Protein chains: 2
Amino acid sequence: MQQLLAKYGKITDLLEEEAETFRSLASTKREFEAGEVLVASELQSPDQLYIVDDGRLFASMELRNGERAITRLYFPGDIMGTANIPFDHATQTITANTASSMYIFPRSNLVDAFTRLPRIAAIFYTFAALENAILNDRLVSIGRTRGRARLASLLLEIAAREHLVECDDPNICRPALTQEQIGDAIGLTTVQVSRLFKELTTQKLIKRRDGNVELLDPTALQDLGLFRNRYEDLDLDWFEEDF
Amino acid sequence: MQQLLAKYGKITDLLEEEAETFRSLASTKREFEAGEVLVASELQSPDQLYIVDDGRLFASMELRNGERAITRLYFPGDIMGTANIPFDHATQTITANTASSMYIFPRSNLVDAFTRLPRIAAIFYTFAALENAILNDRLVSIGRTRGRARLASLLLEIAAREHLVECDDPNICRPALTQEQIGDAIGLTTVQVSRLFKELTTQKLIKRRDGNVELLDPTALQDLGLFRNRYEDLDLDWFEEDF
DNA sequence: CGAACCTTTGAAGTGACTCAATGCGTGTGG
DNA sequence: CCACACGCATTGAGTCACTTCAAAGGTTCG
């Protein structure tokens, strides 16, 4: 919950009442094991929203032909399940990729929160819009750049997201994903991901050591991956003034 | 404005007060010519939101290498500019692809609407979540399927969106896009789009006549494109009950 | 009628895929 | 404590989808 408040507090100063609402919104906490599936696509009515307390998770969609795509990575402080809200069945599967703990609340809790505190509604809306912008970026990356650029972009995104809450070296990231999962996230096969890792490594752009990836030349990677850190660009003055 | 109210009314019965708020939210109406740019990416502070009254528009992002990606197509009744809301500069360019007219309002108008009528907030949040789900679908399509499937999926999406407000033959769609723009939307080159159109045509899946595309075998196209019409799956009971 | 733009087609090149084998690290049971 | 199995990463060879480059054919509009 600290991460969430930190993340939201980063964009606007929360009133005590609002912070309290966030806390009460998510009263139930649950642990999940690595590999456990929280929301099974198509199977489940998406009544729940989740706020990540700790761990790494991802949202994915299966295709009829057995292939899988990973549409989103989740870090502590993230709200999960947004894309399922307006539907009568889940549109994506959420999987805990490491041991994780999270706060759970039914989407109907939002009704009360939105009614009592319109700024909460604005915050949720804003984060949905942010998620939108990030999805746009990924669409561009996957649709219009080659594998090298896509991998660079993903690594930068992971580094940026990790750095947002865990304040360690911004140039070291821990994908916590197999190469198959990375492929699912950027639209490539395992084989190709492996080759690209090798390529970036021999070009001294990155360095790998037991699951960590060090970004040796962040500037070059940013040029290559055309990456924009959307979290840096946030601006919420528009709803500050009048509420 | 009729389309907007129809679209929103489709998911929940609007109270007169709410319908009134929607109307007053968007008091200014403007016309744009075909080809005109409404929001220039990076250049502009994204203070405006738009509701499409008539015409066809698209959102795009430019890459430094000169390539372009189209991230979203807009139809009458759509709200545009959502992905720009939380930022101090626009993240995407919006272009009127045909002569268009739309309602314009500053994002700060949302503050008042959210405060007075929390259901309006819920509606906006819901549509952001829907947009999210659609972006996820496109990510899967572009990242994990071949050109034939992507084109099929795009055509089905356009047909579904057109049919939502303009109630004509659901199996005829009017992309109103050049093949270059189609390529930008599904991550292919003009050349390949042309070849794929030919392929789908000779396979008797589609038929083209002066800018229209007839879907000769919608079922086969759906199997091919793995398309889900998200608008059909909407479920907003969750905020009906308690507001 | 001509210019501009869009579409189509061909030929050659390339990034990524598939298939398949090997290597590597870790945990488990004999 | 070794042998083995299992999951993951790497590498090679052949193929395919799509790209690039280039030219020609169609449409539309002034």
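What you see is a predicted model, and the numbers here were worked out from it, not measured in a lab. The analysis underlying the following values was restricted to heavy atoms, covering all of them including side chains, and did not include hydrogens, waters or symmetry mates. To find a chain, count down the sequence lines: A is the first, B the second, and so on, and within it residues start at 1.
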Can you tell me how far [atom2] of [N] sits from [atom1] of [X], to the nearest Å?
X	N	atom1	atom2	answer
B:Q192	C:dG10	CD	P	14 Å
B:I186	D:dT19	CD1	C1'	14 Å
A:I142	D:dC18	CD1	C1'	17 Å
B:E180	C:dT8	CD	C1'	15 Å
B:Q181	C:dT7	CD	P	9 Å
B:L196	C:dT9	CG	C1'	14 Å
A:D210	C:dG25	CG	C1'	12 Å
A:R195	C:dC19	CZ	P	14 Å

Can we say A:E199 and A:R148 salt-bridge, meaning some charged N sits less than 4.0 Å from an Asp/Glu carboxylate O?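 Salt bridge between A:E199 and A:R148, a charged N being under 4.0 Å from a carboxylate O: yes.
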*asked:* Whether A:K204 and A:D217 form a salt bridge (side-chain N of Lys/Arg under 4.0 Å from carboxylate O of Asp/Glu) is what I want to check.
replied: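 No, A:D217 and A:K204 are not salt-bridged.
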Given [options], the nucleotide with the shortest approach to the side chain of [X]:
X	options	answer
A:S194	D:dT10, C:dC6, D:dC18	D:dT10
A:T178	D:dC18, C:dT8, D:dA9	D:dA9
B:R146	D:dT20, C:dA20, D:dC18	D:dC18
B:T189	D:dT19, C:dT8, D:dA17	D:dT19

Any [X] side-chain nitrogen or oxygen under 4.0 Å from OP1 or OP2 of [N]:
X	N	value
A:R148	C:dT14	no
B:K198	C:dT9	yes
B:Q179	C:dT8	yes
B:R208	C:dT8	yes

Nearest-nucleotide comparison on DNA chain D, the residue closer to the 5′ end among A:R144 and A:V191: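 Its nearest nucleotide being more 5', the pick is A:V191.
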**Item:** B:I206 side, atom CD1; B:L215 side, atom CG - distance, nearest 0.5 Å
**Value:**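 These two atoms lie 8.0 Å from each other.
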Requested in this report: For B:Q181 and B:F58, work out which heavy atoms get closest and say how close.
Outcome: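 Shortest heavy-atom separation between B:Q181 and B:F58 comes out as NE2-CE2, 3.6 Å.
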Q. Heavy atoms, side chains only, cut-off 4.5 Å: are B:Y50 and B:D78 in contact?
A.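 In short, these two side chains do not touch, never coming nearer than 4.5 Å.
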